[in-house]
Structure formats: structure tokens, C-alpha cells
K.L.:
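Take this structure first; my questions come after.
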Amino acid sequence: QTRSLLGVFEEDAAAISNYINQLFQAMHRIYDAQNELSAATHLTSKLLKEYEKQRFPLGGDDEVMTSTLQQFAKVIDELSSCHAVLSTQLADAMMFPITQFKERDLKEILTLKEVFQIASNDHDAAITRYSRLSKRRENEKIKAEVTEDVYTSRKKQHQTMMHYFCALNSLQYKKKISLLEPLLGYMQAQISFFKMGSENLTEQLEEFLTNIGTSVQNVRREMDCEVENMQQTIEDLEVASDPLYLPDPDPTKFPAHRNLTRKAGYLNARNKTGLVSSSWERQFYFTQGGNLMSQARGDVAGGLVMDIDNCSVMAVDCEDRRYCFQITSFDGKKSSILQAESKKDYEEWICTINNISKQIYLSENPEEIAARVNQSALEAVTPSPSFQQRHESMRPAVQSRPPAARTSSTGSLGSDSAALSALSLDSLVAPDTPIQFDIISPVSEDLPGQAKSAGQSGRRTNPFGESGGSKPETEDSILHQLFIVRFLGSMEVKSDESPDVVYETMRQILAARAIHNVFRMTESHLLVTCDCLKLIDPQTQVTRLRFPLPNVVLYATHQENKRLFGFVLRTSGGRVESRQTSICYIFESNNEGEKICDSVGLAKQIAFHAELDRKASEKQKEIDRVKEKQQKELNKQKQIEKDLEEQSRLIAASSRSNQSSAEGQFVVLSSSQSEDSDLGEDGKKKRESEA
């Protein structure tokens, strides 16, 4: 707006200069061309009559000035016949004032314009050098020199600008004086010359000229008073603006305003010029409703940069630039990296865009609503983002602390549900629970002294399958889906049975980020398989975290902001020994929260059916083993029976042979008995002894 207004004043000064040059040439013809004096006077009268047709951007519709010049033109028409003896009087009374205005005042405007342009260019160059200060290799001497250069150039630009504006304002008064004084001198010379012919100059004209002279003096006094006021204003502004010349003012003296819904200022935008190279361009940016606009110097209006409704904004680390932040559109297809001039502007831009993304600006009192939202978040939760506190809280406690009662609670981020209204917040989130904003492996938390296994040792992972000597654990999985996510935070919860646990955790984590100015988010690739969920580093392809799928007991998407989603992981250990703990992890995706939840649900269904198939296969194997065992027993029994039959046949055969031999012995015995009966008693005894 200032530069546009300055352009109007400069256009007016150019119009005044153009008109004064024409008037000067006309009066110079009166002075130089005695023979053409009548024609020159007629041209002067003609120019005075055309004043009302001039289109001055400032003061072009001054009726008093127009009527006065019209009356002068009428009188000059009557005095179109002049003499050479008037040349001396005309040189002193007519040519001198307009020459002074042309040579001194108008040239002063042109000189100040050039000086202002040089000071503005020096300031831009100093700001560019300051913006290029290295974040990693910071040299205090170079930083002090560049800061001093910015201070000097900014102060010089401000002082030059104020003197230039003062001269432009004074030009409006000098324009009237430069027009009236030469005419007044000319008429007085004519009156003096034609004293004896005063019958042509009535007393009414003299009274008119007297009034004009009085008006000129009044305009001069008004101009002097205005110049004095402007000089005092310049001095006051110099004293008040001295701290603002520093590019990065003290945040304790100039704190950031976090409830803004409109913001404007200069930012450096990064433009990619190649695959790895980029350039920075400084432009004026401003918000207009839910749009981010930019306007280059010299443009009539601003152009649309991005729609920031439902967008995401976060701080980013650039190579050698400070105070950088990234804005990503709601669909994730467009992003822009910008650099603020100071830490105050950096925080205000992030907070303003964050407020606009929530569409607070559509309400009647947007700043009051933004302040109320931030105050409600401050009263709702006071988290601790420290890793040390998180690590200590995950160790088993020696003595159990009594649960702390909550005196007040606020609703969830989305619309309030009936289940949440009936369920106390203490049954969802444990009191005094710290919030973890960094990605920490649950294995390293639960077992800090245990070394990581081979699958968790930071090995590079190909999310779409690996080839090599060792077979990856997800190679046999039939589901592989990859999503881009940003980790917002995690905290321990007391329940894992209702999606309200996820909603309440989202509310507390987002409120904690807003209160503690935690804008940084870690971007990762989330790989969903039938075995687990993996967080993979997009640069190094190293697995940051691994969540076994059976331990993911609950997952949900935010009811209103579908880019937010979270899941509850059930792990062993925690604050109290010999019980399982539940930790809720919250992420932000590029408008894919529902897709991720659907993918996790599909993975659990596939894993469930695979488990059923595995159990059925194991049961069938057990049945086969029982049948095989029964078959073996049956075969063994048959073998035993067969052996018994064989043994029975052998016994029967042995019995028959024994029987035949017994019959032979019986025959022999019978014959011997008959012989014994013949031998007598002595023969029997002898046979028995032989036997």
C-alpha cells in the first residue's frame, strides 16, 4: 500500500513537472520574445484556462484554484500587448520564482527519488546477505558485520524515505506558490508599468490581487507549519523505530502473537532450479481468507500461491538457512518451503497458517476464538516432551503412586460422542502421562539393557521385498502397502477397547504441540504387511520402528480431520511390573487416514484367516499323526497275532512228534514188560538197573 501510494505521489510530481515546464516556457517566451509578447501572453492565458482540464492525481479538482486561474487568464488576455521595457521587471517578478521552483524544488524531488532507490537497493542487498548467513558454520565477526550492514542500510532507507515523503508533501504547497507568485509578479509589473494607464486596471482587480497575495502568504505559513510537524514526526519515528531496524529483534521485548488469522510480510521462497540445486526469491506474502497470496514488486495485485484450508504446516531444516517452514496442501500434491526474516515472524507465520487451516477465520471474532482454543488447550493438558522423562516413566515403579483426580476436562477434537460423554477421561488416559514427540523404539524402552535382535538392528529394508542371502520376515506376506506419514506423538493409555481413546490422545497431543511450540514432525514411510507395521526412513530405508500386527489392538481415524489416524499397541512391562501397557501412536498422513485404517484392517483379516488355516493344518497333522500311530499299533498287533499263530503251529507240530515218539516207547515198553514177565523177578531188577 505504501509503495502504491508513493507511485501516485510520484505520478503527481511528474504531472506537476510537466505542467510547470510548459508554463515556464510560456513565460520565458514573454521575457525573450519582445516582438512575440502578445502571442506569448495569449499562450499563457490559454494554458491557465486549460488548468481545469489537467488530471492531477492529487488536488486536481480544486475549484477555488481553477476559478482563480480562470480570472487571471481573462486579465492576461486584456494585457496581451506588452513592451520590452517590462523585461527587467518580468525577470525579477515573474521568471525568478518559477525558475527557483523548477530548478530547485523539482530537481530536489528527482534527486531524493534516486537516493531513495539506491537506499532501497542497498537494503535489499543487505537483507539478502543476512539471509545467506550459514546456520552450521556461523562466524560471529561476519554475523556482526552483516547485522550492522542491515541496521545501517535499513536506517538509511527509513531516513531517506521520510525526507522523500516530506518533499513530496511539500510539493503540493509549492505547486500553488509556484503558480501564483509568478502571476502575481507579472501583474504587479504590469500595474507599475501602466501606472499612467491605470484606467484599464480597476480597483476591483487590485483588490483581487491583494487577496491572492494574502492567500499565498497563508499557504506559505501553512506549508511551514506542516513541514515543522513532519520534521517532528520524523524525529519521533526515528527514536521509536530504532529497535525495529534489527533484523531479528529480542523476542522478550517483541513477543510473537499466536492468535492471528491474518498475516503479511516479506518471505524468502525456495525455487528448485535442478535436481539438487535451488534458489531463493524474496517476495511480499499475505493471507486473504483461506488463501496464501504473493505479490512481486511492481505488480498491481497479488497472485494465489496455495489454498491453506485444511493444510499442514511444520518447521523444516534447510541446508544453511534459518527460520524455515513448509506448507503442504490438504491433498499433499503441493508444498512450499518459505524462510522468515526473524524468529518472531517465523512463529507468527506458523501459528497464523495453523489457525487458518482450522477455518477459524470464518467466524465473527476469529482472534477471540483462536485465543480461546489456545487457552482451552493450555488448561486441558501440560505434557512433557522430554525423552528422559519418557524413558524414566517407562521403567517399573518401586512404589505405586495414588491416582491423581482431574478437576476438569474438555471435549475431543471431533464432535463429542455418547460413549465419550459417558466415559470419564481418567479411564482413557492415565493421569500425569508424559507425551513422546520423538520416535523411540518400544524394544529399547522396555528392555534398555538388551541388545536389538537381527531384525531390529537398523538394517536397510526394501519395503517391496529384498533379495539376498537372508530371507526377510515380510517376504511371504501377500499384502504390501506403503504410505507417507508424519509422527505427531505417542502416550500411554489406560484403555484399548474404544476408539474414543484414540480421539482423546489426538486432542491432547495436538494441544500439547500448540502450547509448547513443537512444530517439527518426523516424516516416514509406513509399510503395512500381514505380519507387522513398519516405520521406514525415506532417505536411508532403515527401519525405525516395528509394530507386530497381533499387538495392534485398536486403530481409528479422526472423525472430522481424516488426515489424522492412530492405533493402540499393547506391550509388556510399563509403569507397573507384571501387567501389560497400552501405548497410543498418532500420525498425520496426506489425506489417507481412512485408507491406512482399511489397510490395517485388511492385514489383520488376512492374518486372522492365515492363523485359522495354520491351526486347521496343525489339527489335520495331529489327526494324521494319531491315525499313523493307530495304524502302527494295529500292524504291531497283527504281527503279534501272526507270531502267536506261528508259535501255535510250532507247538502243535512238536506235540505231534512227541506223541509219535511216545507211542513208539509204549510199544517197546509193552514188549519189554512181556519179556519181563518171562524173566521173573531177577530179570526185572536187572532191566531196571540198566534202564
Side-chain angles (χ1 to χ4, degrees), residues 312 354 358 373 376-387 389-390 393-394 403-404 406 408-442 445 485-516 518-522 524 526 533 535 545 547 551-571 574-575 580-589 593-594 596-597 600:
S312 63
N354 190 27
K358 300 175 183 177
V373 170
S376 299
L378 181 63
E379 294 175 356
V381 63
T382 306
S384 172
S386 170
F387 166 71
Q389 295 181 6
R390 173 68 175 166
S393 66
M394 295 301 295
R406 295 197 177 190
S408 63
S409 61
T410 58
S412 64
L413 288 173
S415 59
D416 296 335
S417 61
L420 183 58
S421 61
L423 189 62
S424 174
L425 296 182
D426 285 345
S427 62
L428 299 179
V429 179
D432 303 329
T433 302
I435 295 178
Q436 180 64 49
F437 294 118
D438 299 327
I439 295 180
I440 303 299
S441 174
E445 291 181 1
V485 298
R486 289 173 290 277
F487 180 70
L488 296 178
S490 63
M491 61 187 300
E492 183 179 344
V493 295
K494 297 178 63 176
S495 173
D496 54 10
E497 299 178 355
S498 171
D500 297 327
V501 177
V502 180
Y503 304 152
E504 176 64 17
T505 306
M506 289 179 181
R507 185 190 68 81
Q508 293 206 23
I509 288 178
L510 292 180
R513 280 183 166 269
I515 294 170
H516 295 274
V518 182
F519 302 117
R520 194 179 310 277
M521 293 184 287
T522 304
S524 304
L526 178 64
L533 306 181
L535 282 181
L545 271 181
F547 306 104
N551 293 353
V552 179
V553 296
L554 181 65
Y555 49 91
T557 307
H558 194 272
Q559 294 168 314
E560 295 179 358
N561 188 357
K562 300 302 181 182
R563 294 184 292 112
L564 298 179
F565 76 96
F567 59 83
V568 178
L569 184 73
R570 185 179 295 170
T571 60
R575 291 185 177 183
Q580 290 185 339
T581 61
S582 299
I583 301 176
C584 185
Y585 293 84
I586 305 300
F587 297 87
E588 180 187 33
S589 65
E594 292 182 345
I596 296 176
C597 290
V600 175

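Starting from 1, each residue takes its place in the sequence as its number. The structure displayed is predicted, hence computed values, not measured ones. Hydrogens, waters and symmetry mates play no part in the numbers below; they use all other heavy atoms, side chains included.
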K.L.:
For S312, give me all partners under side chain to side chain donor-acceptor pair (under 3.5 Å), at least two apart in sequence or on another chain.
P.N.:
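None.
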K.L.:
A512 and I435: which non-hydrogen atoms are nearest, and at how many Å?
P.N.:
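That would be CB-CD1, 3.8 Å.
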K.L.:
Under the ring pair (Phe, Tyr, Trp, His ring centres under 6.0 Å) rule, collect the residues that match up with F587, sequence neighbours excluded.
P.N.:
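F587: ring pair (Phe, Tyr, Trp, His ring centres under 6.0 Å) contacts with F487, F565, F567.
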K.L.:
Rounded at 0.5 Å granularity, tell me how far CD in E504 sits from CD1 in I509.
P.N.:
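Spacing of CD (E504) from CD1 (I509) equals 10.5 Å.
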K.L.:
Going through the distances and angles, do V485 and L535 end up as a side chain to side chain contact (heavy atoms under 4.5 Å, CB included)?
P.N.:
CA-CA 9 Å; V485 298; L535 282 181; 4.0 Å; yes
K.L.:
Taking all non-hydrogen atoms of both residues into account, name the closest pair between L554 and S498 and its distance.
P.N.:
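Smallest heavy-atom distance, with atoms named: CD2-O, 3.0 Å.
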K.L.:
Look up atom NZ in K562 and atom CD1 in I596, then write down how far apart they are to the nearest 0.5 Å.
P.N.:
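CD1 of I596 is found 13.5 Å from NZ of K562.
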K.L.:
Looking at every non-hydrogen atom in both residues, tell me the closest pair between L533 and L526 and how far apart they are.
P.N.:
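Nearest pair, atom of L533 first, then L526: CB-CD1, 4.3 Å.
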K.L.:
How close do C597 and T557 get, heavy atom to heavy atom, and via which atoms?
P.N.:
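Reported closest heavy-atom pair: SG-OG1, 3.1 Å.
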K.L.:
To the closest 0.5 Å, what do you measure between CG (L510) and NZ (K358)?
P.N.:
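Going from the CG atom of L510 to the NZ atom of K358 covers 7.5 Å.
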K.L.:
Would you compute the distance between atom SG of C584 and atom CG of L569 and round it to the nearest 0.5 angstrom?
P.N.:
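C584 SG to L569 CG: 10.0 Å, rounded to 0.5 Å.
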K.L.:
So, taking the atom named CD in Q559 and the one named CG in D500, what distance separates them when rounded to the nearest 0.5 Å?
P.N.:
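With rounding to 0.5 Å, CD (Q559) is 7.5 Å from CG (D500).
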K.L.:
Once rounded to the nearest 0.5 Å, what's the spacing between atom CD of E588 and atom CE of M506?
P.N.:
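Between atom CD of E588 and atom CE of M506 there are 10.5 Å.
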K.L.:
Going by side chain to side chain contact (heavy atoms under 4.5 Å, CB included), name the residues that satisfy it together with D496, two or more places apart in sequence or in a different chain.
P.N.:
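D496 satisfies side chain to side chain contact (heavy atoms under 4.5 Å, CB included) with V553, V568, R570, S582 only.
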